[in-house]
Structures are given as structure tokens and as C-alpha cells.
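Some notes on the structure that comes next.
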Amino acid sequence: MARHVFLTGSPGVGKTTLIQKASEVLKSSGVPVDGFYTEEVRQGGRRIGFDVVTLSGTRGPLSRVGLQPPPGKRECRVGQYVVDLTSFEQLVLPVLRNANSNSGPGQRVCIIDEIGKMELFSQPFIHAVRQTLSIPGTIILGTIPVPKGKPLALVEEIRNRNDVKVFNVTKENRNHLLPDIVTCVQSSRK
């Protein structure tokens with residue numbers, strides 16, 4: 001039986017939009033939901049990076065084009081984007097710690113969008129995701145990239161777990177998947 005639900009699909013296909021919609025539906029039906037999603041940052045019609053946005057509304061940079069790493073820190077780069085590990089960890093780790101300190105009865109849902117190359121530069125993030133996957137009271141609704149090039153260890157680990165259901169999001173099915181995703185998460189809570 002699947003407990004965690006992950007969406008995968010090509011970049012720009014609508015994974016984050018589906019996660020946001022599912023999160024709203026779950027919240028409005030009384031499910032405790034916390035977590036974060038990743039949003040493009042555009043300037044003059046050009047993408048200049050990504051922000052992390054927590055469900056409580058806090059926002060900070062995940063990556064930017066041409067960002068300089070802090071002195072003495074290694075540069076974490078994906079293509080033209082340089083990852084701001086400090087900002088990412090300051091925003092995301094408290095959210096995951098909070099999801100892991102399951103206070104109160106019933107299951108809670110933790111949104112993790114995304115577990116991708118940029119996020120995986122952070123060892124504390126990898127540790128926190130593994131911990132969240134193993135906590136009985138928490139269901140993850142997350143996104144993972146499509147396999148491409150060198151496999152990402154944590155992504156493959158998630159994809160191969162018995163308690164994970166992966167939805168492949170395409171342009172053809174993205175407008176019909178929301179009810180299935182919500183139903184899958186809700187049945188995990190029983």
C-alpha cells in the first residue's frame with residue numbers, strides 16, 4: 001500500500017501547480033499540510049533562478065544565475081544556476097523538522113517540491129527527507145525529476161520504495177490527475 005505520493009515529469013509540465021492545487025484541496029478538507037515548493041523567478045521575461053516558498057509564506061532564494069558562493073564555500077552549480085545552500089537550508093530544514101515532530105493524532109502531509117539536483121547538494125536535506133519518509137505519522141506529497149543522465153541516489157531510492165506511488169505527469173494527463181492524487185493521499189491517511 002502506497003503511503004507517500006510523488007509526481008514526476010518533464011520540467012515545466014505542471015508538477016508544482018498540481019502539488020499546490022492538491023495541497024489546497026487537502027487543507028480545505030481539514031488535513032494538516034506543511035512543506036515547501038519551488039517557484040521560478042523571472043526578470044524581464046527571462047528565468048534568473050528559483051525561490052523556495054514555504055506553505056506558511058516564507059520565501060528565499062534556492063538558486064540564481066551568476067550567484068557567487070560565500071567565501072570558503074564550494075560552488076554548487078546546476079547548469080547556469082548557482083545554488084544558495086544556506087538560504088535553502090534555513091528555510092527548508094525547520095519545515096521538515098516540524099513535519100517530523102508529529103504532534104497530535106492523525107496523519108499529516110508534508111509537501112516537498114522538489115527533490116532534485118539543486119536540493120540534493122544539501123546533506124542535511126537528504127538526511128531530513130529520509131527521516132520524513134520513515135516517520136509513521138507523516139505522508140510526503142512531493143516531486144522528483146524524470147531520470148536523465150547520472151541517477152540521483154535519493155531519487156532512485158524513493159522511486160524504488162514499496163510505500164511510494166509515483167504519478168507521471170504529462171501535458172495530456174495533467175488536467176485530470178488532481179482527483180487521483182488527492183484520493184491517493186487521503187487513502188494513505190486511513
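Note that the numbering runs from 1 along the sequence shown for the chain. Computed from a predicted structure; not experimentally measured.
Using modelled atom types, one finds no donor on one side chain facing an acceptor on the other under 3.5 Å when comparing T38 with D113.
Using a cutoff of 4.0 Å between basic side-chain nitrogens and carboxylate oxygens, K21 and E24 are not scored as salt-bridged. Ion pair R64/D51 flagged as a salt bridge, since at least one NZ, NE, NH1 or NH2 atom sits closer than 4.0 Å to an Asp/Glu carboxylate oxygen.
Rounding to the nearest 0.5 Å gives a distance of 5.0 Å between OG1 of T132 and CD1 of I112. Annotation: the span from T54 atom OG1 to I111 atom CD1 amounts to 12.0 Å, rounded to 0.5 Å. Taking CG from L152 and NZ from K150, the interatomic distance works out to 7.5 Å, rounded to the nearest 0.5 Å. Separating the CD1 atom in I19 from the CZ atom in F6 is a distance of 8.5 Å, to the nearest 0.5 Å. Residue T16 holds its OG1 atom at 7.0 Å from CD of E114, rounded to the nearest 0.5 Å. In this structure, I115 CD1 and I158 CD1 are separated by 3.5 Å, a value rounded to the nearest 0.5 Å.
Side-chain contact between L154 and R130: present, with at least one pair of heavy atoms (C-beta onward) separated by less than 4.5 Å. Side-chain atoms of L91 and L62, non-hydrogen and from C-beta on, never get closer than 4.5 Å to each other. Using a 4.5 Å heavy-atom threshold, the side chains of T8 and T143 count as separate. Within the 4.5 Å cutoff, the side chain of V92 has heavy atoms near those of the F125 side chain. In this structure, L55 and F36 have side chains that are not in contact, with every pair of non-hydrogen atoms separated by 4.5 Å or more. When side chains are defined from C-beta on, S63 does not count as touching D84, because their heavy atoms never get closer than 4.5 Å. Considering only heavy atoms from C-beta on, K171 comes within 4.5 Å of V13 through its side chain. Side-chain contact between D34 and C110 is absent, with no heavy-atom pair separated by less than 4.5 Å.
At a threshold of 4.5 Å between side-chain heavy atoms, the hydrophobic network of Ile, Leu, Val, Met, Phe, Trp and Tyr places V95 and V31 in two separate groups. Both F121 and V65 sit in one connected hydrophobic cluster of ILVMFWY residues. Membership requires side-chain heavy atoms under 4.5 Å apart, directly or through other members. Hydrophobic cluster membership is shared by V169 and V25, with clusters built from Ile, Leu, Val, Met, Phe, Trp and Tyr side chains linked at under 4.5 angstrom. No continuous path of hydrophobic side-chain contacts links V82 to V41 [ILVMFWY only; heavy atoms under 4.5 Å]. Cluster membership check: V83 does not share its hydrophobic cluster with Y37, using side-chain heavy-atom separations under 4.5 Å among Ile, Leu, Val, Met, Phe, Trp and Tyr.
Note: F50 and Y81 meet the aromatic proximity criterion, with ring centroids under 6.0 Å apart.
K165 forms a cation-pi arrangement with F167, by the criterion of a distance under 6.0 Å to the ring centre and an angle within 45° of the ring axis.
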task: May I have the step-by-step check of side chain to side chain donor-acceptor pair (under 3.5 Å) for T183 and D180, ending in yes or no?
output: CA-CA 5 Å; T183 302; D180 294 348; 5.6 Å; no
Residues K15, R174; criterion side-chain contact (heavy atoms from CB on, under 4.5 Å); working and verdict: CA-CA 8 Å; K15 298 180 297 291; R174 66 183 177 193; over 6 Å; no
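Looking at N160, its side chain never comes within 3.5 Å of a backbone N or O of E157 through a donor-acceptor pair. With hydrogens and angles disregarded, no donor-acceptor distance shorter than 3.5 Å links the side chain of S122 to the backbone of E119. A donor-acceptor pair is defined here as one N or O able to donate and one able to accept, closer than 3.5 Å; no such pair exists between the side chain of R161 and the backbone of V164. At distances below 3.5 Å, not a single donor-acceptor pair connects side-chain atoms of T138 with backbone N or O atoms of I135. Counting only distance, with no hydrogens or angles, the side chain of H4 and the backbone of I140 share a donor-acceptor pair below 3.5 Å.
Taking both residues in full, the closest heavy atoms of S29 and Q186 are given as OG-NE2, 3.5 Å, listed atom of the first, atom of the second, then distance. In terms of heavy atoms, A128 sits closest to L93 at CB-CD2, 4.2 Å. Contact between R159 and P145 at its shortest, heavy atoms only, is NH2-O, 2.9 Å. Among all heavy-atom pairs drawn from L120 and I126, the shortest one is O-CD1, 3.5 Å. Here the shortest heavy-atom pairing between S87 and P61 reads OG-O, 2.6 Å. What you find for H176 and P179 is that their closest heavy atoms are O-CD, 3.5 Å.
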